[in-house]
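FYI, side chains are in, hydrogens and waters are out, and symmetry mates aren't considered; it's all heavy atoms of this structure. The chains referred to below are lettered A, B, ... by the order of the sequence lines, with proteins before strands, and numbering in each begins at 1.
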2 protein chains.
Amino acid sequence: MERLIINEVQEVSCDRCSISALCLPGELSDADRAALNQIVQRARPVRKGACLFRAGDRADSVFALRTGSLKSFRVTPEGAEHVTGFFLPGEVVGLESLANGAHTHTAVALDTSLVCRIPLDQFDALSVRIPTMRRQLVRVMSRELNDAQERLADARHAGAPATFAGFLLDLSDRLQRRGLETRCFMLPMSRGEIASYLGLTQETVSRVIARLQQDGMIAIHAREVRIVDEQAMRALARCGLHGCRPTPE
Amino acid sequence: MERLIINEVQEVSCDRCSISALCLPGELSDADRAALNQIVQRARPVRKGACLFRAGDRADSVFALRTGSLKSFRVTPEGAEHVTGFFLPGEVVGLESLANGAHTHTAVALDTSLVCRIPLDQFDALSVRIPTMRRQLVRVMSRELNDAQERLADARHAGAPATFAGFLLDLSDRLQRRGLETRCFMLPMSRGEIASYLGLTQETVSRVIARLQQDGMIAIHAREVRIVDEQAMRALARCGLHGCRPTPE
DNA sequence: CGTTACTTTGAGGTCCGTCAAGGCCGGTGG
DNA sequence: CCACCGGCCTTGACGGACCTCAAAGTAACG
């Protein structure tokens, strides 16, 4: 069976890791890469369910996820937890908290995870010497900003099926960026967390999944997903409310 | 009458402008500020309805708005225009386009506007010498990222009234940040543009306005807004769907 | 094997989008 | 000065998508 399970993923090598992409826009010299490698603090395991950081903690570092998966969330004044993001191996966590020096989210491991810590002041010092490095930080943040706005654009206009399809495809694309299996993978999060992230309810997510499955676009058993008809999925995700019905026929 | 009209706002002095906030986290020396002032290209008037930049244009600068107001939008594959942001005097435009070197949005003046252009390469060169400057760029982007995520969180959970209330309060807060009148101001954009920005329809926006007005929370004539009951507005904006009804009585 | 958390499925209500018509200006031209 | 026109805004009726509430089924853990 050719599926790849996210939480079984091998440790990500540095040139696959997007922290490394922080300094590898047009390749980085070996010397510079070594310098970066030296300020990165590796091997800090976070057990499933444990916090990488909590809202309110001092934010003087960013983190790169090497193995496992994380979610980040806020807690609303009413006490409900709102999931704001999921993180896969090779991705950067904590960028949004640099503004005020304190984390605005809490980050929790969905699976036991290994992360690298990059102290900001050291990174800053290094970035003075390496131009590509500071430019790439801006670039990464800019990209995130763009993504956030794009998701914001879709959030209201797309129906629940389109939203969920977009979610799966986003995961798939992010796996591809790391060179992993894109059609068949394991969801590290629960239905409720997906729902919270997408701004839907557990029940709606469940129903949408059932629908997409019986339409033959995906196959899900528990948390194992297979994207069967990627074409149809992309079409579904692309169109908002107008024009194309969830099932056109 | 103590209202202040956005498009009559005086030119924003440099220490009120958030481009300046790019380098003024804990104050900047006069010499450094002068250096920044020199790379900023001023006085480039954009007439109402004209483009500051178009999607696809090379993005090698960011812009600071001095006078007037802008909107930024994408055009969906179906040809509909989706508003992604509004900009008031003292705010920075174009940050989200730094990733790929090309603008992802189009920016259009809602009123005749004056902008400053900051060439990125020159800014970058300057930031090497001035540590606070490069840190503050990260800080500004981080803040934007945070805002975007917050809006994303609200988008689905909040009803239309809460969404609109949040929109007005956001404008009010941004005016306050610039030291302008916060309770009574002029909307530079149409109902349709508000609707597009919030992911609602023109009609819903209109209805919500009518409702908030008859509830005594705001007063609107045409594009002139007065926030009457800020307490109630904040309470409305804060709560999503759960707990508090639009009109609790 | 029982407890607990997660997931699925069903029935009913509500908010908002759609469609449609009418009002309020500002502009243009007679 | 007025009539006409077009854009923008408002208001109403209706239907559908999704949330709420409720309960049963399933998987993971001790």
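Of the candidate nucleotides C:dC16, D:dC9, C:dT9, C:dT9 has the atom nearest to the side chain of A:A210. Closest to the side chain of B:A160, from the set C:dT7, C:dC16, D:dC19, is C:dC16. Nearest nucleotide to the B:R223 side chain, out of D:dC8, D:dT20, C:dT7: D:dC8. Relative to the side chain of A:E203, the nucleotides D:dA22, C:dC16, D:dC19 differ in distance, and D:dA22 lies closest. Of the candidates D:dT20, D:dC9, D:dA13, D:dA13 carries the atom nearest the B:R207 side chain, counting heavy atoms from C-beta on.
Look at CD on A:E224: it is 14 Å from P on D:dA27, rounded to the nearest Å. Spacing between atom CG of B:L198 and atom P of C:dC15 amounts to 18 Å, rounded to whole angstrom units. Taking atom CD1 of A:I220 as the reference point, atom C1' of D:dT26 lies 16 Å away to the nearest angstrom. To the nearest angstrom, P of D:dC21 lies 14 Å from CD of A:Q202. One can place CG of A:L110 at 12 Å from P of C:dC6, the figure rounded to the nearest angstrom. If you measure from atom CZ of B:F164 to atom C1' of C:dC16, you get 16 Å, rounded to the nearest angstrom. Rounding to whole angstrom units, CE of residue B:M189 and C1' of D:dG7 are separated by 18 Å. Here D:dC19 presents its P atom at 16 Å from CZ of A:R191, a figure rounded to the nearest Å.
Counting any heavy atom pair closer than 4.0 Å across all strands shown, B:S190 reaches sugar-phosphate atoms only and no base atom. Within the nucleic acid shown, B:I209 has no heavy atom closer than 4.0 Å to any nucleic acid atom.
Looking only at side-chain heavy atoms (C-beta outward), A:R151 and A:Y197 come within less than 4.5 Å of each other. B:L187 has its side chain within reach of B:I194: a pair of non-hydrogen atoms, C-beta onward, lies under 4.5 Å apart.
If you take CE on B:M189 and NZ on B:K71, they are separated by 10.0 Å, rounding to the nearest 0.5 Å. Remark: A:T106 OG1 to A:D57 CG distance equals 7.5 Å, nearest 0.5 Å.
The minimum heavy-atom distance between A:L70 and A:A109, with the atom names listed, is CD2-CA, 3.4 Å.
For D:dC18, the OP1/OP2 oxygens have no side-chain nitrogen or oxygen of A:T204 closer than 4.0 Å. The side chain of A:T201 places an N or O atom within less than 4.0 Å of a non-bridging phosphate oxygen (OP1 or OP2) of D:dC19.
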TODO: For the pair B:F185 and B:I227, evaluate side-chain contact (heavy atoms from CB on, under 4.5 Å) and give the outcome as yes or no after the intermediate values.
DONE: CA-CA 9 Å; B:F185 49 89; B:I227 298 179; 4.3 Å; yes

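Side chain of A:E193 to backbone of A:S190: a donor-acceptor contact under 3.5 angstrom is found.
Overall, the helix from C:dC1-D:dG30 to C:dG30-D:dC1 carries an axis bend of 40° between its ends, with five pairs at each end and the value rounded to 10°.
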